[in-house]
Amino acid sequence: MLQVSVLRDNTELVLAGLAKKHYKTAEADVAAILQLDQRRKQLQTEHDQAQAEANDLARQIGGLMKSGDKAGAETLKARTAELKQQTKAHSDELVQVEEALQQTLYKLPNLPHSSVPAGRTAQDNEVVREGGVKPELSAGALPHWDLIKKYDIIDFELGNKISGAGFPVYKRQGARLQRALINFFLDQARDAGYDEVQPPILVNEASGYGTGQLPDKEGQMYHDAQDNLYLIPTSEVPITNLYRDEIVATDQLPIRNTGYTPCFRREAGSWGADVRGLNRLHQFDKVEIVQITQPEHSYAALDGMVAHIEGLLQKLELPYRILRLCGGDMGFTSALTFDLEVWSAAQGRWLEVSSASNFETYQANRLKLRYRGENNKTQLLHTLNGSALALPRIVAALLENNQTEDGIRLPEVLHSYCGFSKIG
């Protein structure tokens with residue numbers, strides 16, 4: 001959530017940033033926020049003045065009663081009653097104004113970093129670098145949705161039977177490959193200095209608001225109305241919310257956590273090749289890395305996170321590229337995002353497998369996540385997260401890129417984790 005002080009003191013810069021994200025009602029919403037903030041301040045001042053006058057009158061009434069001036073005391077009591085009504089009216093309106101202010105602030109996305117390129121769609125993203133070698137497949141090479149049937153390692157029909165579309169059943173070598181990748185990613189994160197946590201996969205409403213999934217993506221999350229809990233779309237939500245309403249000691253920074261969870265998203269997409277097989281699912285596995293840092297260190301931390309994810313792709317021997325997302329293709333809460341994609345040889349296209357983002361103070365402001373800086377003054381921290389990695393499209397690329405006439409060759413780094421070197 002953007003800070004009101006930033007909107008008030010840098011209005012033109014805010015509007016320019018919101019325009020870069022193609023936020024259509026920026027001028028109206030910013031104007032409404034500034035008006036609500038002004039009204040909030042006015043109400044608070046009037047409330048405090050009335051309360052101070054009432055407190056002063058209370059002291060005078062006591063003196064008048066002691067001196068026997070009951071008439072004078074009754075006059076002041078009448079005025080005190082008026083002030084009480086005023087302060088109640090101020091308090092009631094203040095609650096309404098603060099709620100309206102909060103809800104309007106929730107609507108505004110984060111401002112993009114100065115390095116974010118202009119643009120509306122994925123075609124406008126900037127390619128930062130590429131790595132690895134695209135394989136040349138032999139004639140008759142199969143896409144992963146045919147390979148999983150050929151080797152009987154993932155079953156979409158069984159998943160549809162017990163749950164519905166977008167919930168695959170992994171079995172035999174497919175199930176072991178899933179577990180191997182999860183353990184490999186967690187071990188790599190631990191070796192890179194991240195502490196492993198295992199958070200809940202159901203979160204409350206406050207957690208959804210804390211990291212910005214609510215209200216922006218409310219319709220895309222599975223919701224249990226009876227208990228008002230949400231299935232997580234990413235472990236970023238519970239891991240970051242571990243520090244909600246906290247003032248973190250400086251010697252504990254930076255905080256570096258990793259965690260594996262299943263993830264759940266209602267929006268599995270439309271029909272077509274882009275969403276076939278493992279390309280887009282309602283439930284999928286992911287290892288996440290999360291950092292919480294002081295503001296001056298956050299962009300170095302982001303670079304380190306991208307390098308860590310890039311290293312995973314190199315060890316998996318997958319051709320990849322790194323994109324800096326344009327304003328129109330960025331997430332709601334992000335100030336700067338790098339997407340990492342792998343080449344899917346049989347499909348002949350790039351598949352996103354990770355996003356690494358710096359949210360600056362946007363999430364921290366919602367979370368009230370702070371530290372004590374100079375002069376012991378509390379300041380907002382910066383939060384970051386990245387997928388390291390999401391499994392489905394990694395599996396798709398591994399299957400397609402490494403297919404041979406004699407089975408599917410797996411990268412050497414996974415052999416000890418899987419207990420086998422090829423599928424088939």
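Quick note: numbers below take in every heavy atom, side chains included, and nothing from hydrogens, waters or symmetry partners. These numbers come from a predicted model, not from an experiment.
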Residue set satisfying side-chain contact (heavy atoms from CB on, under 4.5 Å) with Pro319, at least two apart, ordered chain then number -> Lys134, Pro135, Trp343, Asn401

Taking all atoms of both residues into account, what is the closest heavy-atom pair of Thr383 and Asn358, and its distance? O-OD1, 3.5 Å

Which atom pair, heavy atoms only, marks the closest approach of Phe185 to Ala388? CB-O, 3.3 Å

Inter-residue atom distance Gln220.CD - Leu214.CG, 0.5 Å rounding: 11.0 Å

State, without any angle test, whether His382 and Glu360 hold a side-chain donor-acceptor pair at a distance under 3.5 Å. no

Are any non-hydrogen side-chain atoms of Tyr417 and Leu410 less than 4.5 angstrom apart? no

So Lys368 and Glu246, salt bridge (charged side-chain N to carboxylate O under 4.0 Å, His left out) or not? Walk me through it. CA-CA 7 Å; Lys368 295 182 175 59; Glu246 296 284 339; over 6 Å; no

List for me each residue that meets side-chain contact (heavy atoms from CB on, under 4.5 Å) alongside Ser207, sequence neighbours excluded, and say none if there are none. Val203, Asn204, Val237, Asn241, Arg244

Approximate separation, where rounding is to 0.5 Å, of Leu336 CG and Ser115 OG: 4.5 Å

Any donor-acceptor N or O pair under 3.5 Å, side chains Asp224, Tyr230: no

When you look at His113 and Tyr299, which way does the ring-ring contact (aromatic ring centres under 6.0 Å, His included) test go after all the steps? CA-CA 10 Å; His113 186 262; Tyr299 279 96; 4.5 Å; yes

Does Tyr243 have any ring-ring contact (aromatic ring centres under 6.0 Å, His included) partners at least two apart in sequence or in another chain, and if so, which? none

Can you check side chain to side chain contact (heavy atoms under 4.5 Å, CB included) on Thr45 and Gln42, steps first, answer last? CA-CA 5 Å; Thr45 298; Gln42 181 184 358; 5.8 Å; no

For Glu400, which residues count as a salt bridge (charged side-chain N to carboxylate O under 4.0 Å, His left out) partner, sequence neighbours excluded? none

Any chance you could measure His90, atom NE2, to Leu43, atom CG, to the nearest 0.5 Å? 6.0 Å

Distance-only check: which donor-acceptor pairs under 3.5 Å involve side-chain atoms of residues 192-199, not counting sequence neighbours?
residue	atom	partner	partner atom	Å
Tyr194	OH	Gln291	NE2	3.1

Suppose we screen for side-chain contact (heavy atoms from CB on, under 4.5 Å). Which residues come up paired with Val127, at least two apart in sequence or across chains? Glu130, Arg321, Leu323

Do the side-chain N and O atoms of Ser344 and Arg393 include a donor-acceptor pair separated by under 3.5 angstrom? no

Report the residues that fulfil salt bridge (charged side-chain N to carboxylate O under 4.0 Å, His left out) with Glu288, sequence neighbours left out, ordered by chain and then residue number. Lys286

What distance do Ser235 atom OG and Tyr260 atom OH have between them, rounded to the nearest 0.5 Å? 10.0 Å

Looking only at heavy atoms, the pair that brings Ile154 and Pro168 closest together is CG2-CB, 3.7 Å

Between Glu317 and Asn402, does any side-chain donor sit less than 3.5 Å from a side-chain acceptor? no

Going by atom types alone, do Tyr362 and Gln3 pair a side-chain donor with an acceptor below 3.5 Å? no

Whether the side chain of His22 engages the backbone of Asp329 through a donor-acceptor N/O pair (distance < 3.5 Å, no angle test) should be reported. no

Going by the angle between their ring planes, with limits at 30° and 60°, are Tyr222 and Phe167 parallel, tilted or perpendicular? tilted

Indicate yes or no for a side-chain donor-acceptor contact from Asp155 to the backbone of Leu158 under 3.5 Å, with no hydrogens or angles considered. yes

Partner of Leu181 under side-chain contact (heavy atoms from CB on, under 4.5 Å), chosen from Leu389, Leu316, Asp285: Leu316

Is it true that a side-chain atom of Thr87 and a backbone atom of Leu83 form a donor plus acceptor pair closer than 3.5 Å? yes

Interatomic spacing from CD in Glu236 to CG in Asn385 - rounded to 0.5 Å: 4.0 Å

Taking atom types as modelled, is there a side-chain donor on Asn228 or His223 under 3.5 Å from an acceptor on the other? yes

Is any side-chain heavy atom of Leu18 less than 4.5 Å from a side-chain heavy atom of Leu108? yes

Do Ser298 side-chain atoms and Pro295 backbone N/O form a donor-acceptor pair below 3.5 Å? yes

Pairs flagged by salt bridge (Lys or Arg N to Asp or Glu O under 4.0 Å) wherever residues 294-314 is involved - sequence neighbours left out: Arg129-Glu310

How long is the straight-line distance from OG of Ser354 back to CG of Leu312, given to the nearest 0.5 Å? 8.5 Å

When you look at Asp92 and Lys88, which way does the salt bridge (charged side-chain N to carboxylate O under 4.0 Å, His left out) test go after all the steps? CA-CA 6 Å; Asp92 291 345; Lys88 184 181 185 308; 2.8 Å; yes

For Gln363 and Arg366, which I'm curious about, is there any donor-acceptor pair between the side chains at under 3.5 Å? no

What I want to check is whether the side chains of Glu98 and Gln102 have a donor and an acceptor closer together than 3.5 Å. no

What do the steps show when you test Gln347 against Asn279 for side chain to side chain contact (heavy atoms under 4.5 Å, CB included), and what is the final call? CA-CA 11 Å; Gln347 297 179 69; Asn279 286 346; 2.8 Å; yes

Less than 4.0 angstrom from a charged side-chain N to a carboxylate O is my criterion; do Glu93 and Arg39 meet it? yes

Give a yes or no on whether the backbone of Leu278 and the side-chain of His144 come within a donor-acceptor separation of less than 3.5 Å. yes

Nearest heavy atoms of Arg176 and Gly419, plus distance in Å: NH2-CA, 3.9 Å

Okay, side chain of Asp124, backbone of Cys326: is any donor-acceptor separation there less than 3.5 Å? no

Heavy-atom closest pair, residues Pro215 and Tyr106: CD-CB, 3.9 Å

Listed once per pair and sorted, the salt bridge (Lys or Arg N to Asp or Glu O under 4.0 Å) pairs that draw on residues 8-19, sequence neighbours left out: Arg8-Asp37

Scan residues 177-187 for pairs that pass salt bridge (Lys or Arg N to Asp or Glu O under 4.0 Å), counting only residues two or more places apart or in two chains. Asp187-Arg190

Locate the shortest heavy-atom distance separating Ala397 from Leu318; write the atom from each residue and the value. CB-CD2, 4.0 Å

Please identify each residue that fulfils side-chain contact (heavy atoms from CB on, under 4.5 Å) with Ala52, with sequence neighbours left out. none

Show me the pairs that pass salt bridge (Lys or Arg N to Asp or Glu O under 4.0 Å) and involve residues 21-35, at least two apart or across chains. Asp29-Lys107

Side chains of Gln103 and Glu99, donor plus acceptor under 3.5 Å: yes

So, does Asn55 use its side chain to make a donor-acceptor pair with the main chain of Gln51 at under 3.5 Å? yes

Ignoring hydrogens and geometry, is there a side-chain-to-backbone donor-acceptor pair from Asn110 to Met1 under 3.5 Å? no

